[in-house]
Amino acid sequence: MTQDELKAAVADKAISEIEPWLEKDTVLGIGTGSTANLFIDRLKPLRDQFKGAVASSEASAKRLEALGIEVFELNSVGTLPFYIDGADEVNAHLQMIKGGGAALTREKIVAACAERFICIADQSKYVSQLGNFPLPIEVIPMARSYVARQLVGLGAEPVYRQGVVTDNGNQIIDCYEFMIDDPVAMEATLNAIVGVVTNGLFAARGADILLLGNPEGVERIALR
Ligand code: 5RP
């Protein structure tokens with residue numbers, strides 16, 4: 001199976017996971033990226049079974065609206081029953097690196113409001129240690145060089161993601177050569193650097209359920 005076929009399989013599985021819980025007032029939290037897009041596309045036939053969605057990016061919001069799914073501001077809704085999103089890396093504790101699509105801040109905010117985070121990923125994303133994928137950090141533009149120097153001090157090789165402006169008007173630094181021994185501690189350390197808006201470690205609040213696609217099928221790994 002190709003990677004795209006595996007992504008499609010986990011998107012299908014995520015639909016099966018949430019469909020029994022959909023009610024007329026359900027608002028779903030929806031992530032960003034190619035795997036999340038496949039999930040969004042599969043929501044179209046279900047659109048009359050739930051109220052709408054909160055999106056973690058302008059791109060996902062546009063895709064949802066194009067399918068006739070109403071998109072709500074997060075501030076206008078309460079707790080979301082589910083947040084469904086992909087990942088760049090995920091480990092056995094369902095801690096993740098996210099932000100390859102530069103949507104990490106809104107992803108983390110929407111995930112924080114969700115009762116259950118369902119991570120959908122093909123097997124290439126499953127790792128024993130986070131860090132081979134360069135860890136994204138969203139920074140306030142004027143702080144970029146300062147933050148980069150702090151990242152060097154922590155052992156990373158920071159690289160400015162040229163030409164990318166986040167939905168929040170900020171910039172992204174990617175941390176190369178930065179294997180992460182303690183994701184929860186590193187997430188907190190990075191958050192404490194002045195000028196950092198968000199880092200792409202989703203460890204303090206990881207996923208609750210991982211739907212992992214491999215050629216034998218979709219494995220469901222649930223921690224909570
Ligand atoms: C975007 C993300 C995505 O979830 C992550 O990059 C995975 O993307 P894809 O499903 O395209 O592999 O964090 O900011």
Side-chain angles (χ1 to χ4, degrees), residues 1-15 17 28-43 53-64 74 80 82-91 94-114 116-127 130-139 159 161 163-176 178 180 183 187 190 196-214 218:
M1 284 174 93
T2 65
Q3 187 179 28
D4 285 345
E5 287 167 339
L6 295 176
K7 289 181 178 186
V10 296
D12 285 336
K13 189 77 174 171
I15 291 289
E17 185 85 29
L28 297 170
I30 304 291
T32 298
S34 58
T35 318
N37 281 345
L38 292 168
F39 175 77
I40 291 171
D41 295 345
R42 284 157 175 74
L43 285 174
V54 171
S56 67
S57 63
E58 302 294 341
S60 291
K62 278 202 189 87
R63 199 174 184 101
L64 287 157
L74 184 60
L80 307 164
F82 297 105
Y83 177 66
I84 304 100
D85 199 0
D88 298 302
E89 284 186 347
V90 56
N91 68 16
L94 308 197
Q95 299 165 325
M96 295 161 282
I97 286 182
K98 291 182 50 54
L104 61 162
T105 298
R106 295 190 186 193
E107 289 172 345
K108 206 175 266 197
I109 294 168
V110 183
C113 294
R116 286 194 176 191
F117 185 144
I118 303 176
C119 176
I120 48 177
D122 66 88
Q123 63 179 4
S124 70
K125 311 291 184 65
Y126 196 65
V127 297
L130 299 174
N132 270 316
F133 188 92
L135 177 68
I137 315 270
E138 180 166 352
V139 294
V159 175
R161 205 185 291 181
V164 171
V165 177
T166 71
D167 285 349
N168 314 306
N170 297 317
Q171 297 174 344
I172 298 285
I173 296 173
D174 293 307
C175 297
Y176 287 79
F178 197 46
I180 293 148
E187 183 176 3
L190 294 169
V196 167
V197 177
T198 318
N199 71 81
L201 278 170
F202 285 56
R205 199 275 184 260
D208 303 295
I209 298 168
L210 169 63
L211 301 176
L212 187 68
N214 58 60
V218 177

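Order of appearance sets the numbers: ligands from 1, and atoms from 1 within every ligand.
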Quiz item: Closest approach of P183 and L130, non-hydrogen atoms and distance?
Solution: CG-CD1, 4.0 Å
Practice problem: Taking all non-hydrogen atoms of both residues into account, name the closest pair between E89 and G131 and its distance. | Solution: OE1-N, 2.7 Å
Ligand 1: protein N/O within less than 3.5 Å of ligand N/O:
from	atom 1	to	atom 2	distance (Å)
ligand 1	4 (O)	T32	O	3.1
ligand 1	4 (O)	D85	OD1	3.4
ligand 1	4 (O)	G86	O	3.3
ligand 1	4 (O)	K98	NZ	2.9
ligand 1	6 (O)	D88	OD1	2.6
ligand 1	6 (O)	D88	OD2	3.2
ligand 1	10 (O)	S34	OG	3.4
ligand 1	10 (O)	T35	N	3.0
ligand 1	10 (O)	T35	OG1	2.5
ligand 1	11 (O)	S34	N	2.8
ligand 1	11 (O)	S34	OG	2.5
ligand 1	12 (O)	K7	NZ	3.4
ligand 1	12 (O)	K125	NZ	2.7
ligand 1	13 (O)	K98	NZ	3.0
ligand 1	13 (O)	G99	N	2.8
ligand 1	13 (O)	E107	OE1	3.1
ligand 1	13 (O)	E107	OE2	3.4
ligand 1	14 (O)	G101	N	3.1
ligand 1	14 (O)	A103	N	3.2
ligand 1	14 (O)	E107	OE1	3.4
ligand 1	14 (O)	E107	OE2	3.0

Self-check item: Listed partners of D41 passing side chain to side chain contact (heavy atoms under 4.5 Å, CB included), at least two apart
Solution: R63, L67
Practice problem: Among L104, I137, V197, V139, find the one that has a side chain to side chain contact (heavy atoms under 4.5 Å, CB included) with I172. | Solution: L104
Practice problem: Using side-chain hydrogen bond (donor to acceptor under 3.5 Å, both in side chains) as the criterion, point out the one residue from N199, D85, T198 that pairs with K98. | Solution: D85
Quiz item: Is the shortest side-chain N to carboxylate O distance from R161 to D174 below 4.0 Å?
Solution: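 D174 and R161: salt-bridged.
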